[in-house]
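Every number for a ligand or one of its atoms is a count from 1 in the order of the listing. Remember, predicted model here, so these are calculated numbers, not experimental data.
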Amino acid sequence: MDTDLLVLGAGPGGYAAAFLAADRGLRVTMVDALPKPGGACLFVGCIPSKALLHAAKIITETHEAESWGLKFAPPQIDLNALRARKDKIVDTLASHLAKLCKDRQVTWQQGRGTFEDANTLAIDNGTKVRFKNCIIATGSSPTQIPNLSIPSPRVLDSTGALKLESTPASLLVVGGGYIGLEMGTVYAALGSKVTVVELTGSLLPGVDPDLVRPLYQRLQGQFAKIHLNTKVAKVEEVTDGIRATLEGPEVSEPQATIDKVLVAVGRRPNSRNLGLEKAGVAVDEKGFIKVDERRRTNVSHIYAIGDVAGEPMLAHKASHEGKLAVEVICGEPAVWEPRCIPAVVFTDPEIAWAGLMENEAKKQNREVKVARFHWGASGRATTLGRSDGVSKLVVDPQTDRILGVGLAGPGAGELIAEGVLAIEMAATARDVALSIHPHPTLTETISEAAESLHGLATHLYKIKRTK
Ligand code: NAD
């Protein structure tokens with residue numbers, strides 16, 4: 001079988017690339033081990049986790065409604081129905097993608113592909129594909145740690161946790177990163193006693209502390225315990241559960257027995273067992289495929305995008321790279337030059353940021369102006385009972401240009417898009433301040449943060465009156 005473009009891996013990076021290439025008139029073949037396009041994001045990641053987080057939000061809101069004079073009976077959770085609803089959402093989206101694939105006449109091949117040389121891929125369904133160009137978009141998998149990822153039905157990775165087989169009475173979450181906190185939030189809402197153990201001194205290490213603080217405070221009320229600066233050194237299966245050994249300066253009980261463990265200590269690129277060496281494609285010491293600013297590997301007609309081509313491992317970064325690679329293949333002068341890649345942690349509150357944050361600016365010794373707007377001063381946040389949020393702007397002191405936007409609060413994942421646009425369009429804080437934001441909405445927290453830099457904020461009082 002001959003093709004202009006082979007796309008290996010049909011996640012949000014791979015299918016975005018395949019669809020654009022087909023729209024540009026190329027003959028495209030897309031290969032994936034799963035039965036339909038969608039990848040880890042659709043089948044075992046972003047989408048099912050967001051469906052479950054939506055259910056968690058409903059549960060939490062019924063608990064909190066009492067303070068509004070609305071008393072609900074405790075929710076009765078039908079785990080089978082919840083699982084079926086989540087699976088239906090995934091199936092609907094996967095079927096839509098499969099239809100788009102067919103409509104665009106992208107040739108679909110289900111199976112595992114390995115390179116035989118720099119122009120041939122062998123698929124384990126018996127097909128061989130000869131390609132002119134190739135985009136590798138094979139994604140990533142959960143990191144396995146020998147003492148933690150033991151073969152036991154009680155020890156889960158993110159895929160296992162999303163299956164929602166049961167609600168364990170107690171769940172130990174190893175890793176206070178994206179997955180640990182999102183899935184910890186789901187299981188805590190369903191009724192599990194959740195303990196999070198994080199190796200470093202902060203949840204979501206590397207994220208601006210002003211954004212993490214409101215999340216940490218709220219999770220302390222929802223989780224049984226959060227251990228920071230603590231390592232889960234070992235887990236063992238015992239008769240009544242899993243025994244975990246914790247190590248750290250603040251650990252008072254080094255051993256705990258729990259029902260289930262979720263290991264969420266990061267992901268690694270899927271670059272092994274692809275036959276990359278036969279194609280001559282180089283990887284770095286972490287296993288990421290090396291690419292240039294056009295997403296070309298060292299073999300000039302083979303490209304790599306998404307998680308397998310480097311951090312951050314985010315679906316929207318993969319999609320953008322996929323389209324870029326197709327433009328390059330079509331001979332356009334495209335390069336990878338986003339001003340920012342937004343990140344969202346879908347906890348409650350949501351945490352979202354884009355561009356340069358204050359902690360990074362400090363590390364770089366870069367002088368910046370910072371504006372913070374605490375949501376206690378927002379009418380909309382107060383009507384939602386969520387004055388715990390914060391909006392933050394990082395601005396260049398010379399040019400007034402917005403360099404970074406950080407948000408913590410419900411809906412932060414939606415609100416961050418304004419920040420992305422502002423950064424990409426080289427908006428100044430004054431531009432944002434002078435753009436009329438609708439009232440009463442949470443978007444005003446961004447415009448008021450911008451206004452505060454120019455002494456214009458209505459709901460913040462900073463300047464001392466002299467007369
Ligand atoms: P992560 O890197 O976000 O967090 C892993 C955490 O585990 C780190 O904080 C690390 O310090 C800690 N850790 C490592 N070893 C440990 C040990 N032995 N004991 C205790 N803690 C330990 O990784 P993740 O949560 O597995 O997610 C992987 C990637 O998937 C993310 O980096 C992100 O790119 C992606 N993801 C994104 C989203 C989203 O966009 N909302 C959601 C889920 C996953």
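- The heavy atom nearest to atom 5 (C) of ligand 1, out of those in Gly175, Ser49, Ala264, is found in Ala264.
- Every atom of ligand 1 is numbered from 1 in the order shown, and the set under 4.0 Å from a heavy atom of Glu198 is 6 (C), 7 (O), 8 (C), 9 (O), 10 (C), 11 (O), 12 (C), 21 (N).
- Taking a cut-off of under 4.0 Å to the non-hydrogen atoms of Val265, the atoms of ligand 1 that pass are 5 (C), 7 (O), 13 (N), 14 (C), 15 (N), 16 (C), 22 (C), 26 (O).
- With Gln217 contributing its side chain and Pro214 its backbone, the two residues share no donor-acceptor pair below 3.5 Å.
- Among all protein heavy atoms, the one lying closest to atom 17 (C) of ligand 1 is Val174 CG1, 3.9 Å.
- For atom 21 (N) of ligand 1, the nearest protein heavy atom (residue, atom name, distance) is Leu199 N, 3.2 Å.
- The line from CZ of Arg295 to CD1 of Ile329 is 13.5 Å long, rounded to the nearest 0.5 Å.
- Of all atoms in ligand 1, listed by their number and element, those nearer than 4.0 Å to a heavy atom of Thr200 are 11 (O).
- Evaluated by nearest non-hydrogen atom to atom 24 (P) of ligand 1, the leading choice among Gly266, Gly177, Ala244 is Gly266.
- Set against the non-hydrogen atoms of Phe346, the atoms of ligand 1 under 4.0 Å away are 41 (N).
- A donor-acceptor pair under 3.5 Å is formed between the side chain of Glu321 and the backbone N or O of Gly306.
- Considering only heavy atoms from C-beta on, Phe115 stays 4.5 Å or farther from Val299 through its side chain.
- Nearest to atom 25 (O) of ligand 1 among the protein's heavy atoms is Ile179 N, 2.8 Å.
- Note on ligand 1: Thr230 sits in its first shell, one or more heavy atoms being nearer than 4.0 Å.
- Among all protein heavy atoms, the one lying closest to atom 3 (O) of ligand 1 is Tyr178 N, 3.2 Å.
- Taking a cut-off of under 4.0 Å to the non-hydrogen atoms of Val197, the atoms of ligand 1 that pass are 20 (C), 21 (N).
- Expressed to the nearest 0.5 Å, how far CD1 of Ile289 lies from CZ of Arg296 amounts to 15.5 Å.
- Nearest residue to atom 30 (O) of ligand 1 from Arg267, Glu247, Glu311 is Arg267 (criterion: closest heavy atom).
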Given Glu424 and Arg339, is the salt bridge (Lys or Arg N to Asp or Glu O under 4.0 Å) satisfied, shown in steps? CA-CA 6 Å; Glu424 278 291 344; Arg339 289 267 168 269; 5.6 Å; no

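- If you number the atoms of ligand 1 from 1 as listed, the ones under 4.0 Å from a heavy atom of Pro205 come out as 9 (O).
- Using a 4.0 Å cut-off to heavy atoms of Val344, the atoms of ligand 1 that qualify are 39 (C), 40 (O), 41 (N).
- Below 4.0 Å from some heavy atom of Met313 lie the following atoms of ligand 1, by number and element: 33 (C), 34 (O), 35 (C).
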How far apart are the C-alpha atoms of Lys260 and Ser192, what are their side-chain angles, what is the distance that settles it, and do they pass the side chain to side chain donor-acceptor pair (under 3.5 Å) test?
CA-CA 10 Å; Lys260 284 194 176 175; Ser192 298; over 6 Å; no

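- For the residue pair Arg366 and Leu356, the shortest heavy atom distance occurs at CD-CD2, 4.1 Å.
- Tyr187 contributes a side-chain N or O that, together with a main-chain N or O of Ala161, makes up a donor-acceptor pair within less than 3.5 Å.
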Check the pair Glu358 / Lys392 against salt bridge (Lys or Arg N to Asp or Glu O under 4.0 Å), numbers first and verdict last.
CA-CA 9 Å; Glu358 190 182 9; Lys392 200 170 164 181; 2.7 Å; yes

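- Under the side-chain contact (heavy atoms from CB on, under 4.5 Å) rule, Thr230 has a single partner from Val174, Val251, Val196, which is Val251.
- Regarding atom 19 (N) of ligand 1, its nearest protein heavy-atom neighbour is Val232 N, 3.3 Å.
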